[in-house]
Structure formats: C-alpha cells, structure tokens
Amino acid sequence: MTDTSNPDHTLPSHFIRHMIDHDLASGKHDGRVQTRFPPEPNGFLHIGHAKSICLNFGLAEQYQGACNMRFDDTNPEKESQEFIDAIKADVNWLGFKWHGEVRYTSAYFQQLFDFALQLIRNGKAYVCSLTPEQAREYRGSLTEPGRNSPYRERSFEENLELFLRMQKGEFADGEHSLRAKIDMSSPNINMRDPIIYRIRNVEHHQTGDYWKVYPMYDYAHCISDALEHITHSLCTLEFEDHRPLYDWILNNLTLDSLKNACLELGNLPDDINYVLPEQTEFARLNINYNVMSKRKLKELVELGLVNGWDDPRMPTLSGLRRRGFTPASIRRFCDIIGMSRSESIVDVGMLEHCIREDLDEHSARAMCVLRPLKVTLINFTDEQAQTLSLPRHPKRDIGNRQIQFGPTLYIDETDFEQTPPPGYKRLSPGDEVRLRGAYVIKCEDVIRDQNGKVIELLCSLDPATLGQNPQGRKVKGVIHWVPAEGALRAEVRIYDRLFNNANPDDKALGDFKNSLNPDSLQVLTDCLVEPSLASAAAEESFQFEREGYFCVDRFDSRPDALVFNRTVSLRDSWTKTNG
RNA sequence: UGGGGUGUCGCCAAGUUGGUAAGGCAUCAGAUUUUGAUUCUGACAUGCGUUGGUUCGAGUCCAGCCACCCCAGCCA
C-alpha cells in the first residue's frame, strides 16, 4: 500500500545535488557517489534521522551509487545491541537497502590503532598526561589561544611505549590520552591538539574487552569514511567546524596506507580509483511542537512521561510507525521539506499533510462511532433488516464491505445537538440527516435519563432514500453510524501533539517538559466499529469516515479486543471555525 | 571581545554566468460532493535582514551594519 514512485513528484533541486552534479561533471571522486548513514547506536532513530537516511540513500539511488549502513560505535559506554537492532529495523522499514553488510566503526579498531601508530611515528600525535581538568585549562577559551601541553614534545619512543601500554590496560581511565599535534593557538578550538584516543576500561558491545583505548569521533569518522571509500560524507551543521580536522587527519596519513587498508578490508573494487572523502554539512530537521534531541527523547522515556521509544506520540520512527505513519509518507515528507544550510523549524502540518495524502489514496474506509448514542428507528422492523454493501474506497475499486442495517444502530454523541448552532449539518430534533451509505432519518423524539443526559434518539426512516435523494427537499448532512447488530467494541487511542508549545526547546520557557501537553493521549474504550473490521490486520490503516485515519495497534490489538490508534484527524473546516 | 555559519511570503524552499521573485504547506473565497474529507478553481512577496555603492538593470556583485545559530566533552 505504499507506492513510493509517484511520477508527479520530481526530485527537488538542492545544494547537495548541485554539488554532486558538479562533481560528476568534473570527474571528481572518480565520478562516483558513495554515501553512508552512520548513526551511533545510543538511542532510537527519529524523523530527523529520516532526513539524513533519505538524503544518503536517496542520493545513492539517484546517482546509481551506493550507501553504506555503518554504526559509529566508538563510545561503548552509551551504546547497546538493543539500539543496533532497532536502528536496523527502522531503516529497513523505511524501505532502504544498504550496500553490502552492515558496517561498524569498531570493526576498524585495529586499522585505526595502526594509523595512530603512524601518526605517532611521524611526530603528528603524542601521549598527553594532563588530567581532563588541566587539559581544559590548557585549551584556552573562545577568545584566548590555548597553551602547549608540557607533554607535547615527548619522544617518539616514549609516545609509542605509552600508547601501547594504554592499550594493554596499564592505566586508569583519563590517566593519559593520545592527541593530534596541530596548533594550540588555532582560532578553531577543534584544531587545538584534539584528543584522538582515550582510555576506557569497559566492555564494548561488539569487540568485548579486547580494547582499552577507544578512538574519538573526529579521528574515527574520517578514517572510517576513507576505509569505505565514501565520496560524499554528509552530516549536520554542527560538524562544520570539525571539517578542517576531518581533512587534517586524512591528509596527515599517507594515501597509500589508507588505500591499502581499504583494499585489505575488501572494500575497494579494483576498477575504481581511490579518492579521499569530503564532508558536506546540511541543516538538521526541527519540527514545531516537537523535540528532536536524543537526550530529551531519552529523558521522556526514562521518566515514564511516554510509554517507551515507540510511543505513538514520539517523533521516533518506531513511534511514527506505531502511530500509523507509512514509510512512503515519511519519505515524501523528507522530499518536500527541502535541503539547505539554514536552521529552520518545519511546520508539523507538513508531516500531517504527507500522511493524509498517502492514507487518503490508499486506506480503506470504515465507520467507527467513538462515543455511541443509541438510535431506534420507529418505522423499521427486524423483518425489514437488510445487508448493505458499501465501497471500501470512494475513488479506487478495492472492493466492498457488508453492513447489516436494522432498526437499532449507533451514531456519535457529537452528531446530535438539541439546539443546533447556525450552519449545523447534523442531527437535531425534527431535522433530517443521512446515515452514510443508507437512509435519511428524522429525529422524532429524544429520550433522557434522570440527569437530563440524552441516552437514545427515536427516529423515523424515509424508505425512499436508499441510494437516492429525497423528493422535494434537500438533506444537508451525512453522518456515520454503526449497526447494533454485529458492531464490534474497540478501544481507540486519540493522540494529540505531545507539546503545547510550538517550540519546546525555547530556553525562555525553562525546562522543555514544562511544555508537555497533559491531554496528548485520550483513550476511548467503548467505541463501536463496523463488523468488517473484525479481520483487520496489525498495522493496517483505515479512514474512519468523518473522523480521521486510524491504524490497528501493532502490539496491543487482538481480534477479540481491537485497539486502534488515531494517526491524524481529517482536515476539518467545521470545528476549526466553530470550536 | 576569537572562529565558523545563516538570513527570500505565516512555515519550508527554488532562484544557472546580474535582466525584472518557482513550488509545497498553511490560510481565505468559490464549485462539485451520500465523508463539513477528497477533488477542482481563484486569491495570497513592486518584495528578497538592513543601509549605502557599482550597473541601463541586483535576491543575485561590492562595502558597512543588524539579528540568529554552532564551537571551549578524554560525547557523537
């Protein structure tokens, strides 16, 4: 049901595509496009990652290149196999195929270590024994240059011996570090002798307890890209200042050693020329009424403010999936938001537009009464009951469904008003309305309980209105209904935005949790759905007519106890202007 | 007060070597409609952060301002 190839949707142009077109035209990068998606397995993927995934995999598809899937797992303390599995599942779900096997930066630890030895040998790196606090002092500030570490001029022999001993586990965490010898007075703080290896006496989820030293991102990432002969290394804007370091590392290693390591790993087909990767940055995705930082999402999960990473209110891919978003809708969203270098906040309405667009075309229609109100037809008997056949989609022929129509049925409480406001097109005393796909009925009487609450409507039916309009008068409204006979009870979870404030990240608002919407989840347990939904499959989406798009909860729904999640409501120009 | 970036319609975002402001979302108005949905039609920046300059002509070139974002983790 997810057609991702809509011919009307031409690929929008953006600066990265322009750059690649230019690269290809000039023969740069050997005329190849090799990208990679490199998440750290320390959390779940969110819609912001989808932007990067669509970019990297999309570019590879468009230019007949390839995109690698690589776990940037250089910090074992924060990572786990659970996240690796979840991330792979999310990328698969989005429908992208990575090139070859899944890669791990940790699989390059030996090569990375050897390259560090090369830097040490060439006087480009040294073991520093400053404490973390001292290192911070020596680094200087934004406006003041740093000072050279007293350990900066250690001999090659001493550096080599110390680094080897670091890996042997002879030192405690933080006792020493390996630093690139660049320039402590650089205005770019990333170039002030950055630490490239630190001691971590912990177990790594992939390599066990073999390694005692772990490479830092800046050191490992560029080399990993080189080892996979990536051509275009795409990342977000905050890494812009790291680009000079990315280039410094690669340029201070011999091209031959990089190429040979790439060859030894079996990553380099012999029909291509080896070229170094280049980093390009783009703006990360922000969506209003949402938070997109892994730290904040993690906090919501750990404090129990949401029901896990895949809570349908979360902007995580697993949350969106459970909410009922389709891969096609997310890919489409990533296409239409564009790609630029300016920080921006995309309106969540764009995301909603994308899922409505997809579901309107692909999902079957059904009727569901969220808050049942009994209706008894006073001029219709059990003997007259009949089976109605209604199309599953108003425009596409995807079959019909059957519904029993008898003397008692249910409509939604909100579709009846004792004293209708101007412009009201639903049911009210003495007025007519059409039951969708069935007859026109007229409200003759209202039954209330001792508190005055309306509990039943007595209506008359016009037998001449099945499939045709009544004579001499116009019935303005159509409402949905469900038969008393055969309707299924269901739980429906109505989700609203997780945050009340358009920008929960706004520092002026204090903690982002202050903006949490207390009514983001409303559970309705006495809903009634039409009988045809008995066979609904997990994750299947439906449009509950006049209400919105809903999907069968992939974990909690059972055939005898259906659970639906509201993905998004229908556009509604009535309640929008009438409360 | 250092360095690196960004500023085009309410929100995203195109704008080839300067030639007279795409598109989408949202919004508003109308038509169709057994979903107040969908679909269709129309409206929606003499204006491109700002001030000057160059030019026959500037969003596009130059200069100066202003605003916002990122960087001082042995995180990524």
Side-chain angles (χ1 to χ4, degrees), chain A residues 10 12-14 18 38-40 42 72 74-75 77-78 128 130-132 135-137 139-146 173-179 186-192 194-200 213-214 216-218 220-221 235-244 281 283 288 294-295 335-354 356-357 360-361 365 367 390 394-395 423-426 434-440 465-469 475-480 502 543-548 569-578:
Chain A
T10 51
S13 87
H14 63 236
H18 286 318
E40 182 189 15
N42 67 345
D72 204 0
T74 58
N75 186 2
E77 289 176 312
K78 296 184 174 177
C128 180
L130 252 21
T131 65
R136 188 181 342 113
E137 285 170 34
R139 190 157 34 234
S141 71
L142 293 177
T143 52
E144 301 158 319
D173 290 10
E175 227 177 306
H176 305 284
S177 65
L178 185 68
R179 297 229 248 164
S186 171
N188 181 346
I189 294 177
N190 293 300
M191 299 298 270
R192 317 238 263 230
I195 288 164
I196 57 176
Y197 262 97
R198 79 284 219 186
I199 299 171
R200 277 296 108 96
V213 291
Y214 289 94
M216 297 287 287
Y217 164 85
D218 285 310
H221 203 89
C235 62
T236 44
L237 246 27
E238 67 269 27
F239 292 103
E240 212 167 355
D241 290 343
H242 296 236
R243 193 169 62 221
E281 312 83 15
N288 59 12
K294 222 181 257 185
R295 193 210 99 214
D335 274 346
I336 69 170
I337 57 174
M339 187 64 62
S340 77
R341 289 174 62 86
S342 63
E343 312 92 9
S344 56
I345 301 177
V346 175
D347 193 319
V348 69
M350 290 244 223
L351 222 206
E352 294 174 347
H353 167 260
C354 291
R356 286 193 183 108
E357 179 182 59
D360 175 57
E361 182 181 351
R365 310 290 121 127
M367 293 196 283
L390 274 46
K395 293 178 181 169
Y424 194 69
K425 300 207 299 190
R426 307 175 188 182
R434 174 177 291 281
L435 292 176
R436 166 117 256 227
Y439 300 86
V440 168
T465 54
L466 181 63
Q468 53 193 298
N469 287 325
V475 174
K476 49 196 183 309
V478 178
I479 62 175
H480 59 285
Q543 183 198 95
F544 286 166
E545 292 189 282
R546 300 208 315 128
E547 290 290 356
S569 67
L570 249 30
R571 289 185 73 214
D572 182 2
S573 55
W574 169 248
T575 57
K576 185 181 292 177
T577 50
N578 296 274

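In the text below, chain A, chain B and the rest are named by the order of the sequence lines, each starting its count at 1.
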Quiz item: Which part of the nucleic acid, if any, lies within reach of A:Thr575 when heavy atoms closer than 4.0 Å are counted: base, sugar-phosphate only, or nothing?
Solution: nothing
Quiz item: Looking across every strand, which nucleic acid part, if any, lies under 4.0 Å from A:Arg200 by heavy atom: base, sugar-phosphate, or nothing?
Solution: base
Quiz item: Any side-chain heavy-atom pair from A:Arg243 and A:Glu281 closer than 4.5 angstrom?
Solution: yes
Practice problem: Have a look at A:Asp72 and say if it touches a base, only the backbone sugar-phosphate, or nothing, with a 4.0 Å heavy-atom cut-off. | Solution: sugar-phosphate
Self-check item: Same-atom distance (P) from B:G4 to B:A63, integer angstrom
Solution: 15 Å
Quiz prompt | chain A contact limits on RNA chain B, taken 5' to 3' with a cut-off of 4.0 angstrom to heavy atoms | solution = B:G2 to B:A76
Quiz item: Reckon A:Leu142 touches a base, only the sugar-phosphate, or nothing at all at heavy-atom distances under 4.0 Å?
Solution: base
Quiz item: Looking for any heavy atom pair under 4.0 Å, which part of the strands does A:Leu178 touch: base, sugar-phosphate only, or nothing?
Solution: nothing
Quiz item: Are A:Leu142 and A:Ile189 close enough that some pair of their side-chain heavy atoms sits under 4.5 Å apart?
Solution: yes
Quiz item: Any luck finding a side-chain donor-acceptor pair between A:Ser342 and A:Ser344 under 3.5 Å?
Solution: no
Quiz item: Counting any heavy atom closer than 4.0 Å, what does A:Arg179 reach on the DNA or RNA strands: base, sugar-phosphate only, or nothing?
Solution: nothing
Exercise. Using a 4.0 Å heavy-atom cut-off across all strands, classify A:Arg546 as base, sugar-phosphate, or nothing.
Key: base
Practice problem: Any strand is fair game: report the nucleotide pairing with B:A63 by Watson-Crick or G-U wobble, both distances under 3.5 Å, or none. | Solution: B:U51
Quiz item: Quick one: are A:Glu137 and A:Leu130 in side-chain contact, heavy atoms under 4.5 Å?
Solution: no
Practice problem: Pick base, sugar-phosphate or nothing for A:Arg434, based on heavy-atom distances below 4.0 Å to the nucleic acid. | Solution: base
Exercise. In sequence, state the C-alpha distance, the side-chain angles, and the governing distance for A:Glu545 and A:Leu390, and then conclude on side-chain contact (heavy atoms from CB on, under 4.5 Å).
Key: CA-CA 12 Å; A:Glu545 292 189 282; A:Leu390 274 46; 5.6 Å; no
Quiz item: Reckon A:Gly423 touches a base, only the sugar-phosphate, or nothing at all at heavy-atom distances under 4.0 Å?
Solution: base
Quiz item: Relative to the 5' end of RNA chain B, which residue comes earlier, A:Gly477 or A:Met216, by the nucleotide with the nearest heavy atom?
Solution: A:Gly477
Quiz item: With a non-hydrogen cut-off below 4.0 angstrom, is A:Ser141 in contact with a base, only sugar-phosphate, or nothing?
Solution: base
Practice problem: Indicate yes or no: does A:Glu77 engage A:Arg200 in a salt bridge with an N to O separation below 4.0 Å. | Solution: yes
Practice problem: Could you measure between the two P atoms, the one in B:A29 and the one in B:C66, and give it in whole Å? | Solution: 44 Å
Exercise. Classify the nucleic acid contact of A:Arg571 as base, sugar-phosphate or nothing, counting any heavy atom under 4.0 Å across all strands shown.
Key: sugar-phosphate
Quiz item: Expressed as a whole number of Å, how far does the P atom of B:U50 sit from that of B:A67?
Solution: 15 Å
Quiz item: With sugar-phosphate meaning primed atoms plus P, OP1 and OP2, does A:Gly349 contact a base, only sugar-phosphate, or nothing at under 4.0 Å between heavy atoms?
Solution: sugar-phosphate
Quiz item: Checking all strands, does A:Lys476 fall into the base, sugar-phosphate, or nothing category for heavy-atom contacts under 4.0 angstrom?
Solution: nothing
Quiz item: Considering only the C1' atoms, how many Å lie between B:U16 and B:C61, rounded to the nearest integer?
Solution: 16 Å
Self-check item: Pair assignment for B:C68, Watson-Crick or G-U wobble, requiring both distances under 3.5 Å
Solution: B:G5
Quiz prompt | RNA chain B: 5'-proximal contact among A:His14 and A:Asp347 (nearest heavy atom) | solution = A:Asp347
Exercise. Could you walk me through whether A:His221 and A:Thr74 pass side-chain contact (heavy atoms from CB on, under 4.5 Å), step by step?
Key: CA-CA 9 Å; A:His221 203 89; A:Thr74 58; over 6 Å; no
Quiz item: With a non-hydrogen cut-off below 4.0 angstrom, is A:Tyr424 in contact with a base, only sugar-phosphate, or nothing?
Solution: base
Quiz prompt | Anti versus syn assignment for B:G73, with syn defined as within 90° of 0 | solution = syn
Self-check item: Pairwise C1' distance for B:C68 and B:G49, with rounding to whole Å
Solution: 10 Å
Self-check item: Complementary nucleotide for B:C56 - Watson-Crick or wobble, under 3.5 Å
Solution: B:G19
Quiz prompt | Separation between the P atoms of B:G24 and B:C40, rounded to whole Å | solution = 11 Å
Exercise. Taking the side chain as every heavy atom from C-beta outward, state whether A:Ile336 and A:Glu357 have any pair of such atoms under 4.5 Å apart.
Key: no
Quiz item: Do A:Leu178 and A:Ile195 have side chains that get closer than 4.5 Å, going by heavy atoms?
Solution: no
Practice problem: Using the C1' atom as the reference point in each nucleotide, state the distance between B:U51 and B:U27 in Å, no decimals. | Solution: 34 Å
Quiz item: Looking only at atom P, what distance separates B:U41 and B:C25, rounded to whole Å?
Solution: 13 Å
